[in-house]
Amino acid sequence: MTIQPIKWKKNRLFLLDQTRLPERERYIECRTYLDAARAIKKMVVRGAPAIGITAALGIVLGVEAIPQQNRRRFLTRFEKICQTFAATRPTAVNLFWAIKRMKKLVAHDPFPPLKELKALMKKEALKILEEDVKSNKRIGAFGSQLLKNDDTILTHCNAGALATGGYGTALGVIRAGKSQGKRLHVVADETRPFLQGSRLTSWELKKDGIPVTVITDNMAAFMMQQKRIDAIIVGADRIAANGDVANKIGTYSLAIVAREHKIPFYVAAPLSTIDFSIKTGREIPIEERNSEEVSHISGKRVVPKGIPVWNPAFDVTPNRFISAIITDQGITEKPYGKNLKKLISL
Ligand code: MRU
């Protein structure tokens, strides 16, 4: 079953509305770049690679709408479009990576006819989408070697087809394992407050016939203590040069508990998620989202009015808790500072 969270059809961008899953499967059309930027902000589309792809295609929508004026005005508008996307969500580095790729095209050849430049941009954005699916499959092929028949794997948030161009990173590893004939069972953390685990991970695994059990986040430690988890695999929003990993809030505590119970803790991510410009996870900007995501459940208030709420969307897991990072160029282990660098030269 192919799940496509992002579709580009006849020069139009369609996004599977992840705020409505699992009750409703509907695509919304982004007619303008502002529609696409809003969709990222509101998490109609989410997950680091999917955000990057949407921004690239959103930039295409934006530049297509710029009339064939002089080049300077084009560049000013292009810059504004890029800035709008850069301001949507701060943590997932794939967003900035994709914007940079689109900017590179302009910088590379500053003077082709605008029509040509727009065509080049469309080609590049579609390439980013296509490459992402391929890279997920490579992550799957590498990572599945770490799984044994009958393993039960705990995952947090959604690092699946919905969070990427399709297939997934953490869930891609599980999909690849299944396609090799391994019997695998997934335990999906609910992932408060946005419920990516209970709403999205379970939805997409069910579609693929992969057995999944949903637990609330506070049940994970007990399950590990009971020896019911063989491995943990999560995705990443940004990996610092030293291997510290920013991922969905709650990942850090899972990693600590996994260490206590000697359960391998794996991170699966494409190279585009590694930010070599920052040395450690302390430099990763952590998004704080609307307090209503915590104070309300399905529109109903669950925290008394006037009580302060804190809602950081991500946390940082220090590299020492990570057993291996599974990338599209291979599996890497400690020391990450040295070994991650080696991957880019492959
Ligand atoms: O806030 P979200 O839903 O965008 O957060 C998503 C995650 O934390 C994922 O684990 C991460 O982006 C990896 S997706 C392949």
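Both counts, for ligands and for their atoms, begin at 1 and track the order of listing. When a residue number appears, it is its place in the shown sequence, counting from 1.
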**Complete:** Under 4.0 Å from one or more heavy atoms of M43, ligand 1 contributes atoms 1 (O), 3 (O)
**Message:** Please list the nearest protein heavy atom to atom 7 (C) of ligand 1 with its residue and the distance rounded to 0.1 Å.
**Reply:** D237 OD1, 3.2 Å
**Prompt:** Can you tell me which residue and heavy atom of the protein come closest to atom 15 (C) of ligand 1, and the distance to 0.1 Å?
**Reply:** T169 OG1, 3.1 Å
**Message:** Taking a cutoff of less than 4.0 Å between a non-hydrogen atom of the residue and any ligand atom, is P49 in contact with ligand 1?
**Reply:** yes
**Asked** Going by distance only, is there an N or O of G47 that falls short of 3.5 Å from an N or O of ligand 1?
**Response** yes
**Item:** Distance, nearest 0.5 Å, that separates CG of L61 from CD1 of I81
**Value:** 9.5 Å
**D17/R20 salt bridge by N-O under 4.0 Å criterion** = no
**Enumerated ligand 1 atoms positioned under 4.0 Å from heavy atoms of Q196** = 1 (O), 2 (P), 3 (O)
**Prompt:** Under a heavy-atom criterion of less than 4.0 Å, does F194 contact ligand 1?
**Reply:** no
**Item:** More than 12 heavy atoms from other groups under 6.0 Å of CZ on F276
**Value:** yes
**Prompt:** Does any donor atom in the side chain of N158 or R199 lie under 3.5 Å from an acceptor atom in the other side chain?
**Reply:** no
**Item:** Heavy-atom side-chain proximity of M223 to M219 below 4.5 angstrom
**Value:** no
**Prompt:** Which ligand 1 atoms, with their elements, are less than 4.0 angstrom from a heavy-atom of A159?
**Reply:** 14 (S), 15 (C)
**Item:** Per-atom contacts, ligand 1 versus R89 - under 4.0 Å to a heavy atom
**Value:** 1 (O), 2 (P), 4 (O)
**Message:** What's the separation between atom OG1 in T251 and atom CZ in F265, rounded to the nearest 0.5 Å?
**Reply:** 6.0 Å
**ligand 1 to A163 polar contact by distance, N or O atoms, under 3.5 Å** = no
**Request:** Would you give the length of the straight line joining atom CD of E190 to atom NE2 of H156, rounded to the nearest 0.5 angstrom?
**Result:** 10.0 Å
**Item:** Neighbour count above 12 (heavy atom, 6.0 Å) for K334 NZ
**Value:** yes
**Message:** When you measure from the heavy atoms of A313 to every atom of ligand 1, does any distance fall below 4.0 Å?
**Reply:** no
**Request:** List every atom of ligand 1 that sits less than 4.0 Å from any heavy atom of A48, numbering the atoms from 1 in the order shown and giving each element.
**Result:** 12 (O), 14 (S)
**Asked** Does the pair I249 and F314 meet the rule for a side chain to side chain contact (heavy atoms under 4.5 Å, CB included), with working shown?
**Response** CA-CA 4 Å; I249 189 79; F314 303 96; 5.7 Å; no
**Message:** Quick check: H156 and ligand 1, any N/O pair under 3.5 Å apart?
**Reply:** no
**Request:** Answer yes or no: is there a donor N or O on one side and an acceptor on the other, between the side chain of E204 and the main chain of A161, under 3.5 Å?
**Result:** yes
**Prompt:** Contact between N247 and ligand 1, counting heavy atoms under 4.0 Å?
**Reply:** yes
**Evaluation steps, salt bridge (Lys or Arg N to Asp or Glu O under 4.0 Å), between E79 and K103** = CA-CA 9 Å; E79 190 51 41; K103 280 189 168 177; 3.3 Å; yes
**Asked** Can you check whether K248 has an N/O within less than 3.5 Å of an N/O in ligand 1?
**Response** yes
**Item:** Contact (N/O only, under 3.5 Å) between T164 and ligand 1
**Value:** no
**Message:** Suppose I only count heavy atoms of F314 and a 4.0 Å limit; which atoms of ligand 1 are within that range?
**Reply:** 1 (O), 5 (O), 8 (O)
